[in-house]
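On a predicted model such as this, the values are computed, not experimentally measured, just so you know.
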Amino acid sequence: MKNTSEITSHPIPFLVLKYAIPNIVGMLSSALYIVVDGIFIGNTVGSRGLASINLVMPAFSFVAGLGLMASVGGGTMVSIGMGRQDMDRARQMFRMTLSLLAGISLLALLASFAAGEPVARFLGADASVLPGVLTYLRILSVFLPAFLGSFFLDYMLRATGHPRTAMVTMAGTSLLNILLDYLFIVVTGQGIAGAALATGLAQSAGFGVMLFLFSRGKNSFSLRPGAVRLPLAARALYNGSSEFFSEISYGVSTLLFNRVLMRTAGISGVSAFAVVGYVNVMIAFVIIGLATSLQPLISVNHGAGREDRVRGILRWGYLYGLIFTGLVMALLLSHRRELAALFIPGEDALLELTTRAMGIIFAGFAFMCINIVSSSFFTAIEWAGTSMVISVSRGIALITAGLFLLPLVWGLDGIWMTQPAAELLTCLMAILLIRRRMNRTPLASGRESGRI
């Protein structure tokens, strides 16, 4: 394992780029396979296929949120232990996190087969899309150990000084996913089942590579699951709770949007929202890649008491994120029709609906960047309550209020306006919370105990 002195001593602007670029490339490659998956489904199965996959996303987000909660919460404690040179505690948390992820995977797998149809109905599936929803849901659930395990091992590869290795592994997984998508969806015509199988097999391959890297001694952590000690597990889950609420907020907001759109615009509305989501995920994943790359840097410096570096890392994270989102917003807004046509060729009415939705929703990218980076910052310093407030505000509370109020005034446009409005209001709150934390913490120490 590389010495953590690099994280606590190297110039911050270059350190952030060194860790962020590999992680962003890896996340972008993950987003790319999701987008290609959507293009293949849209061009072979059609709008019902897009709607079926989009309806599954809230359930998958819930399970992924549990996995992220354990991975990021446990990983944060591992990183802080490393920063304090307490490797016994770091190894203990590493092994316990593996056990938590195994338990979450098993429970979710059992639930998908025992209660798959009621879950699909709750997600908004009607008779026309129910078979596709069940197929996608159940196949993905078989591969949950690989999905959730990959979250954690990717985090730990970066935290132990191997960001490029994490990037290459993630990029390779995404490339394999795209190749399998083409094989299973286009060549063999397996449709939604092929999309789920391609994703599951690719994730399993990536997880296998990371297991091999850890087994070959890239670090000093054992892959043997450890005993779950309730006080430590509770603290880890609390630390990662903001990641859970961030992920589940995406699922809840998608569920709410799907239900409202099914009532107001039917399958076309859900399909349009699915296409917007595919493009939106490209931006969101890059921002998440930046934000999660900052977490081990902040956690290690926080554990070492280097508050000056914690603040510097956050400032540079904001700057890099806003530069990126500004450039991408300009590019996407000027080419949104061409992007939509990749998913829904030949469906002019749906194309117009999707293009208009993109023009409204994309306006919230800059606010989303500030919110995601701020939430990750609070997670990294173990202010999980504050991070949770940001996540719940942007993903559940303000989305719910917006979907209730804005359509009353602006109709269908009000539905599209809900997301950027929620991001804007959350952004204002996040800025106030960041200022509050900075005012309470002296530069000499990063070990404040205050929580919101």
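Not one N or O on the side chain of Thr426 forms a donor-acceptor pair closer than 3.5 Å with the backbone of Glu423. Panel note: side chain Arg437, backbone Leu432; no donor-acceptor pair is recorded below 3.5 Å. Side-chain atoms of Asn280 never come within 3.5 Å of backbone atoms of Val276 as a donor-acceptor pair (strictly under, hydrogens ignored). Judged by distance alone, the side chain of Thr325 and the main-chain N or O of Leu322 form a donor-acceptor pair under 3.5 Å. Checking side-chain atoms of Asp181 against main-chain N and O of Phe40 turns up no donor-acceptor pair under 3.5 Å. Counting only distance, with no hydrogens or angles, the side chain of Arg394 and the backbone of Ala422 share no donor-acceptor pair below 3.5 Å. In this structure, the side chain of Asn43 engages the main chain of Leu342 through a donor-acceptor pair within 3.5 Å. The backbone N or O of Ser112 sits less than 3.5 Å from a side-chain atom of Arg138, completing a donor-acceptor pair. Remark: the backbone N or O of Ser150 is not paired with any side-chain donor or acceptor of Asp154 at under 3.5 angstrom.
Residues Phe152 and Leu68 have side chains not in contact (no heavy-atom distance under 4.5 Å, counting atoms from C-beta outward). In this structure, Val310 and Leu297 have side chains that are not in contact, with every pair of non-hydrogen atoms separated by 4.5 Å or more.
Residue Leu140 forms a side-chain contact (heavy atoms from CB on, under 4.5 Å) with just one option from Leu197, Thr199, Leu109, and that option is Thr199.
Pairing each heavy atom of Gly317 with each of Leu294, the nearest pair is CA-CD1, 3.8 Å. The two residues Ile360 and Pro420 have their closest heavy-atom pair at O-CG, 3.6 Å. The shortest heavy-atom contact between Ile185 and Gly194 is CG1-C, 4.1 Å. Residues Thr135 and Ala193 come closest through the heavy atom pair CG2-CB, 3.6 Å. Nearest approach of Leu66 to Ile104, heavy atoms of both residues: O-CD1, 3.6 Å. For the residue pair Tyr318 and Ser374, the shortest heavy atom distance occurs at OH-OG, 2.6 Å.
For the atom pair CG (Leu148) and OG (Ser105), the distance works out to 4.0 Å, reported to the nearest 0.5 Å. Rounded to the nearest 0.5 Å, atoms CG (Leu314) and CG (Leu319) are 11.5 Å apart. Here the straight-line distance linking atom OG of Ser375 with atom CD of Gln295 works out to 8.0 Å at 0.5 Å rounding. Taking CD1 of Ile287 as the start and SG of Cys369 as the end, the distance is 4.5 Å to the nearest 0.5 Å.
Inspection of the Asn54 and Thr254 side chains reveals no N or O donor paired with an N or O acceptor under 3.5 Å. Of the N and O atoms on the side chains of Ser128 and Arg48, at least one donor lies less than 3.5 Å from an acceptor on the other residue. Thr379 and Ser387 share a donor-acceptor pair across their side chains, judged by distance under 3.5 Å alone.
Taking the ring centre of Phe122 as origin, the terminal cationic atom of Arg259 falls inside the region bounded by 6.0 Å and 45° from the ring axis.
Screening residues 164-190 for ring-ring contact (aromatic ring centres under 6.0 Å, His included) gives no qualifying pairs among residues at least two apart or on separate chains.
Counting heavy-atom neighbours within 6.0 Å of Phe62 CZ, excluding the residue itself, gives a total of 12 or less.
Taking the six-membered ring where the residue is Trp, the centroids of Phe207 and Phe147 are separated by 6.0 Å or more.
In this structure, Trp383 and Phe378 have parallel ring planes: the angle between them is below the 30° cut-off, well short of the 60° mark.
Listed by chain and residue number, nothing satisfies the salt bridge (charged side-chain N to carboxylate O under 4.0 Å, His left out) test with Asp126 (two or more places apart in sequence, or in another chain).
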